[in-house]
Amino acid sequence: MAAPTVTAALNAAVYSPGDQMTLTVTYGDADTRPVTVTVVVTDAQGNSSAPARVTAVIDPLTVTVTDDSGRIWTKLSDNGMVAVYRAVA
């Protein structure tokens with residue numbers, strides 16, 4: 001399995017106490033794949049049910065943000081490729 005990739009960027013290089021810090025995390029994994037399973041049931045007379053489908057993700061990703069001061073980072077959004085977090089300086 002491939003290792004996930006990640007880049008992170010803050011909205012500024014310097015903050016005053018109390019400033020809002022915004023962190024944008026861009027991430028991905030080349031081998032994360034959605035899969036759809038389709039099931040059809042057929043009886044002895046050849047009658048078949050309508051297809052039933054269920055989906056899953058193989059090798060899902062989880063983003064965790066921490067810093068060395070114990071600051072709490074709140075997730076504002078995450079579309080599966082880009083996550084945005086906010087904290088107070």
Item to complete: Could you tell me whether a side-chain N or O of T55 sits under 3.5 Å from a main-chain N or O of T36, the two making a donor and an acceptor?
Response: no
Practice prompt. Would you please name every residue forming a side-chain contact (heavy atoms from CB on, under 4.5 Å) with S69, sequence neighbours left out?
Written response: D67, R71
Practice prompt. With sequence neighbours excluded, tell me which residues meet side-chain contact (heavy atoms from CB on, under 4.5 Å) with N79.
Written response: M81, V82
Worksheet entry | Partners meeting salt bridge (Lys or Arg N to Asp or Glu O under 4.0 Å) with R86 (sequence neighbours left out) | none
Worksheet item: Can you name the residues that form a salt bridge (Lys or Arg N to Asp or Glu O under 4.0 Å) with D19, not counting sequence neighbours?
Response: none
Roughly how far, to the nearest 0.5 Å, is [atom2] of [Y] from [atom1] of [X]?
X: T62; Y: D78; atom1: OG1; atom2: CG; answer: 9.5 Å
X: D31; Y: D59; atom1: CG; atom2: CG; answer: 5.0 Å
X: K75; Y: T64; atom1: NZ; atom2: OG1; answer: 9.0 Å

Item to complete: Say whether V63 and V84 are linked into one hydrophobic cluster, either directly or through other cluster members, by side-chain heavy-atom distances under 4.5 angstrom.
Response: no
Discussion item. Between M21 and L23, is there shared hydrophobic-cluster membership here, with clusters defined by ILVMFWY side-chain heavy atoms closer than 4.5 Å?
Written reply: yes
For residues 7-16, run the donor-acceptor check on the side chains, cut-off 3.5 Å, and write out each pair with its distance to 0.1 Å, sequence neighbours left out.
{"from": "N11", "atom 1": "OD1", "to": "Y15", "atom 2": "OH", "distance (Å)": "2.7"}
{"from": "N11", "atom 1": "OD1", "to": "T22", "atom 2": "N", "distance (Å)": "2.9"}
{"from": "Y15", "atom 1": "OH", "to": "N11", "atom 2": "N", "distance (Å)": "3.4"}
{"from": "Y15", "atom 1": "OH", "to": "A12", "atom 2": "N", "distance (Å)": "3.0"}
{"from": "Y15", "atom 1": "OH", "to": "A12", "atom 2": "O", "distance (Å)": "3.2"}

Practice prompt. Sequence neighbours left out, what passes side-chain hydrogen bond (donor to acceptor under 3.5 Å, both in side chains) with Y85? Give chain and number order.
Written response: none
Kindly list each side-chain donor-acceptor pair under 3.5 angstrom involving residues 44-54, sequence neighbours excluded, with atom names and distances?
{"from": "N47", "atom 1": "ND2", "to": "D43", "atom 2": "OD2", "distance (Å)": "3.2"}
{"from": "S48", "atom 1": "OG", "to": "T42", "atom 2": "OG1", "distance (Å)": "3.0"}
{"from": "S49", "atom 1": "OG", "to": "V41", "atom 2": "N", "distance (Å)": "3.0"}

